[in-house]
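If you read the sequence from its start, that first residue is 1, and numbering goes on from there.
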Amino acid sequence: MSTPLVRTLLAVPLAAGCSVSPTWLPHPWRSEEVARPIDEAREAKASAGAPVGSRGEVPGDPAETLYRLGLRQADPASGIRDYRAARATFTELLSQYPHSRRDAEARAWQATLTDLLVREDDARRALLRLQRGEEDKKRTRANLEWLRQNDLDLERRK
């Protein structure tokens with residue numbers, strides 16, 4: 001298996017565009033580090049009447065907190081990068097706060113991450129098929145060599 005081919009197969013899903021969210025993608029279990037900001041968002045929802053921030057956002061806005069958490073989870077440079085969890089966070093934001101000011105961005109992120117995950121799964125399956133093909137090729141070569149050796153042995157016996 002050639003290294004450029006493997007790199008290409010692995011890079012294709014990372015250059016993914018947008019798609020619609022399929023229902024078959026699993027909802028990830030969240031770690032404590034990921035769940036803590038979500039719990040903070042729920043607690044912030046309980047405390048109404050927080051002062052307005054400089055950009056017109058409410059500092060204790062749980063929808064904004066979920067949106068920022070989703071961005072951190074989707075960021076490849078962050079320590080908690082998890083595309084499935086990010087997709088689930090944006091889905092949660094859209095289901096709990098469908099009319100938030102971040103709903104359009106959350107839908108775009110959700111669609112992009114869904115497409116990325118689908119393409120990653122496709123690339124993983126293609127890589128497995130390629131690896132199986134390489135194993136079959138090795139097995140076929142070994143069988144061919146065994147047959148050649150048997151033919152030579154039969155010819156010597158005659």
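Remark: Arg81 qualifies as a cation-pi partner of Tyr83 under the 6.0 Å distance and 45° angle criteria applied to the six-membered ring.
Every residue two or more places apart in sequence or in another chain that forms a side-chain hydrogen bond (donor to acceptor under 3.5 Å, both in side chains) with Arg156 is listed here: Asp153.
The shortest non-hydrogen separation linking Asp103 to Pro98 is OD2-O, 3.4 Å. The shortest non-hydrogen separation linking Gly70 to Phe90 is C-CZ, 3.5 Å. Of all the heavy atoms in Arg72 and Ser78, the pair that sits closest is O-OG, 2.5 Å. Pairing each heavy atom of Ala106 with each of Leu93, the nearest pair is CB-CD2, 3.8 Å.
Looking at Arg124 and Asp121, a side-chain N of the basic residue comes within less than 4.0 Å of a carboxylate O on the acidic one, giving a salt bridge. Ionic pairing of Asp136 and Arg132 is not present here: no N-O contact between side-chain nitrogen and carboxylate oxygen is shorter than 4.0 angstrom.
Considering only heavy atoms from C-beta on, Trp109 comes within 4.5 Å of Leu71 through its side chain. Arg148 has its side chain within reach of Glu145: a pair of non-hydrogen atoms, C-beta onward, lies under 4.5 Å apart. At a threshold of 4.5 Å between non-hydrogen side-chain atoms, the residues Leu69 and Ile80 count as touching.
Between the CZ atom in Arg87 and the OG1 atom in Thr114 there is a gap of 4.0 Å [rounded to 0.5 Å]. Distance check, rounded to the nearest 0.5 Å: CZ of Arg84 to CG of Leu116 gives 9.5 Å. Distance check, rounded to the nearest 0.5 Å: OG1 of Thr91 to CZ of Arg107 gives 10.0 Å. To the nearest 0.5 Å, the span separating OG1 on Thr65 from CZ on Arg102 amounts to 11.0 Å. Rounding to the nearest 0.5 Å gives a distance of 7.0 Å between OG of Ser100 and CG of Asp61. Note: Glu155 CD to Asn150 CG = 12.0 Å, rounded to the nearest 0.5 Å.
Applying the 4.5 Å side-chain rule to ILVMFWY residues, one finds Leu147 in the same cluster as Trp146.
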Checking Glu64 against Arg101 for the side-chain contact (heavy atoms from CB on, under 4.5 Å) test, could you report, in this order, the C-alpha distance in whole Å, the side-chain angles of both residues, the deciding distance, and whether it holds? CA-CA 8 Å; Glu64 184 69 25; Arg101 64 183 206 89; 3.6 Å; yes

Determine, stepwise, if the pair Arg119 / Asp122 fulfils salt bridge (charged side-chain N to carboxylate O under 4.0 Å, His left out). CA-CA 5 Å; Arg119 290 175 188 260; Asp122 290 345; over 6 Å; no

